[in-house]
Amino acid sequence: MEELKCCVLSCEKPLDQTYWDNQYLANSTGWDLGEVSPPIKHYINTLENKNSRILIPGCGNTHEAVYLLEKGFKNVTVIDIAPTLVDNLKNKFKDNPNINIVLGDFFEHQGEYEFIIEQTFFCALPPTMRQKYVWKMHQLLAQKGKIIGLLFNRAFENGPPFGGSLEEYKLLFNASFHFLKMEVCQDSAMPRTGSELFIELQKNNEVLVNLYPFEGITCSGCKNTVTEKFKQFEGVLNVSMSTSFAEVLLVSKTEIALETLQKEIAYDVKYKIGQKLLKIKKLSS
């Protein structure tokens with residue numbers, strides 16, 4: 001198996017539908033292992049309910065879905081933003097009623113799932129979107145639903161893929177999910193040996209996970225000051241701001257009024273927090 005290589009991209013270029021579609025048109029898919037990753041395969045082997053609703057976001061060539069269907073699972077949904085890829089998948093699985101193939105934006109997708117499989121989707125997103133990822137995952141999971149899969153435990157000079165660390169992920173997912181497992185993977189595919197964490201994160205049904213647009217912050221020091229102020233509110237369990245300072249994720253036991261949040265940051269006239277993001281009603285298609 002080839003050494004792991006992914007396309008290098010200038011951060012000034014958008015990781016949008018055109019970008020990802022071009023990767024498939026050019027067959028530039030160095031992230032593709034060519035098979036289901038061993039840790040995910042082993043986890044699937046432990047699942048007994050073949051009717052479990054399973055989602056694979058940013059599915060790519062979706063070797064995971066192939067394996068799930070071979071094992072008899074009957075309710076698999078895959079979603080990707082690249083039209084060329086999705087057309088290929090629809091042709092590949094045209095006679096299989098047990099898989100739903102969606103062309104669309106994961107962040108606009110609606111549904112409810114017992115399991116969401118994470119395999120090179122998180123690392124393909126710009127790091128500025130990580131708070132939004134947590135927010136959307138929490139939305140899509142059923143009660144006691146789980147994210148299972150792999151996250152990179154290393155840094156990359158350029159991306160995608162974009163890396164991270166155990167410490168970073170613990171801060172990011174804290175309170176939104178119960179950490180059933182987040183540990184160095186012992187059975188990674190050869191190109192990724194020693195560079196992956198296996199995760200099994202269960203949705204915390206006892207909290208509210210809200211995402212707010214934010215304006216006015218231009219440095220990490222100010223970001224830290226604002227997040228610490230929000231953490232002081234009674235019932236707040238975690239506050240995390242995106243690396244672009246444009247969104248803030250707030251996990252709490254009870255709803256906190258927008259006016260209360262805005263008042264807390266009124267000491268700087270530049271700081272403005274907007275209405276929380278809501279579920280988008282339009283279904284992906």
Whether Y43 and F115 hold their rings parallel, tilted or perpendicular, with breakpoints at 30° and 60°: perpendicular

Do other residues, nucleotides or ligands put more than 12 heavy atoms under 6.0 Å from the NZ atom of K144? no

Rounded to the nearest 0.5 Å, how far does CD1 of I116 lie from NZ of K136? 9.5 Å

Name each donor-acceptor pair under 3.5 Å that joins a side chain in residues 74-88 to protein atoms two or more places apart or in another chain, with its distance.
{"residue": "D80", "atom": "OD1", "partner": "A82", "partner atom": "N", "Å": "3.1"}
{"residue": "D80", "atom": "OD2", "partner": "C59", "partner atom": "N", "Å": "3.2"}
{"residue": "D80", "atom": "OD2", "partner": "G60", "partner atom": "N", "Å": "3.1"}
{"residue": "T84", "atom": "OG1", "partner": "D21", "partner atom": "OD1", "Å": "2.9"}
{"residue": "T84", "atom": "OG1", "partner": "D21", "partner atom": "OD2", "Å": "3.2"}
{"residue": "N88", "atom": "ND2", "partner": "T84", "partner atom": "O", "Å": "3.3"}

Steps toward side chain to side chain contact (heavy atoms under 4.5 Å, CB included) verdict (L68, I117): CA-CA 11 Å; L68 285 163; I117 296 179; 3.9 Å; yes

Mind checking whether F107 and L125 have side chains closer than 4.5 Å, heavy atoms only? yes

Result of checking E112, K203, H109, Q110 against L140 for side chain to side chain contact (heavy atoms under 4.5 Å, CB included): H109

Using 0.5 Å steps for rounding, measure from the CD atom of Q143 to the CG atom of N204. 11.0 Å

Is L103 reachable from L15 through a run of hydrophobic residues whose side-chain heavy atoms are each under 4.5 Å from the next? yes

Validation row: K229, Y267 side chains within 4.5 angstrom (heavy atoms): yes

Same cluster or not: are F245 and M129 linked, directly or through other Ile, Leu, Val, Met, Phe, Trp or Tyr residues, by side-chain heavy atoms under 4.5 angstrom apart? no

Heavy-atom closest pair (L141 atom, E114 atom, distance to 0.1 Å) is CD2-O, 4.2 Å

So, do L258 and Q275 sit near enough that their side-chain heavy atoms are less than 4.5 Å apart? yes

Nearest 0.5 angstrom please: I148 CD1 to I54 CD1, how far? 8.0 Å

I want to check something: taking the side chain as every heavy atom from C-beta on, are D187 and F198 in contact at a cut-off of under 4.5 Å? no

Quick check: does any side chain N or O of Q186 sit under 3.5 Å from a backbone N or O of V184, one acting as donor and the other as acceptor? yes

Close side-chain approach of K223 and V248, heavy atoms under 4.5 Å: no

Please round to the nearest 0.5 Å and tell me the distance separating atom CG of N61 and atom NZ of K92. 6.5 Å

Would one find more than 12 heavy atoms of other residues, nucleotides or ligands at under 6.0 Å from atom NZ of K50? yes

Side chains of residues 208-220: which donor-acceptor partners sit under 3.5 Å, not counting sequence neighbours?
{"residue": "N210", "atom": "ND2", "partner": "E255", "partner atom": "OE2", "Å": "3.3"}

From R192 atom CZ to N153 atom CG, the distance as rounded to the nearest 0.5 Å: 14.0 Å

Listed by chain and number, what are the ring pair (Phe, Tyr, Trp, His ring centres under 6.0 Å) partners of F93, not counting sequence neighbours? none

Does the side chain of Q232 reach to within under 4.5 Å of the side chain of V236, using non-hydrogen atoms? no

Closest non-hydrogen atom pair, T120 against A124: O-CB, 3.7 Å

Is there a side-chain contact between F230 and I265 (heavy atoms, below 4.5 Å)? yes

Closest heavy-atom pair, E118 versus I40, reported as atoms and distance to 0.1 Å, is O-CD1, 4.0 Å

Hydrophobic clusters here meaning ILVMFWY residues chained together by side-chain heavy-atom distances under 4.5 Å, can you tell me if V251 and F233 are in one? no

Ignoring hydrogens, what is the shortest heavy-atom contact between V36 and H63? Give both atom names and the distance. N-CB, 3.4 Å

Those residues at least two apart in sequence (or on a different chain) that pass salt bridge (Lys or Arg N to Asp or Glu O under 4.0 Å) with E264 are none

Contacts table for residues 166-181: side-chain donor-acceptor under 3.5 angstrom, sequence neighbours left out:
{"residue": "E168", "atom": "OE2", "partner": "R130", "partner atom": "NH1", "Å": "2.7"}
{"residue": "Y169", "atom": "OH", "partner": "F152", "partner atom": "O", "Å": "2.5"}
{"residue": "Y169", "atom": "OH", "partner": "G164", "partner atom": "N", "Å": "3.3"}

For the pair Q131 and S240, evaluate side-chain hydrogen bond (donor to acceptor under 3.5 Å, both in side chains) and give the outcome as yes or no after the intermediate values. CA-CA 7 Å; Q131 282 69 25; S240 175; 2.6 Å; yes

Side chain proximity check, Y19 to D16, heavy atoms < 4.5 angstrom: yes

With E247 via salt bridge (Lys or Arg N to Asp or Glu O under 4.0 Å) - residues at least two apart: none

Verify same cluster id: I199, Y113 (apolar side-chain graph, 4.5 Å): yes

Find out if a path of hydrophobic residues (ILVMFWY) with successive side-chain heavy-atom gaps under 4.5 Å connects V239 to V134. no

S37 and E64 have their tightest heavy-atom pair at N-OE2, 4.5 Å

Just how far is it from atom NZ of K71 to atom CG of L69, taken to the nearest 0.5 Å? 12.5 Å

Using side chain to side chain contact (heavy atoms under 4.5 Å, CB included), reason through S52 and L47 one step at a time and then give a plain yes or no. CA-CA 9 Å; S52 295; L47 302 179; 5.9 Å; no

Taking all heavy atoms of P160 and all of C123, pick out the closest pair and write down the distance. CB-O, 4.1 Å

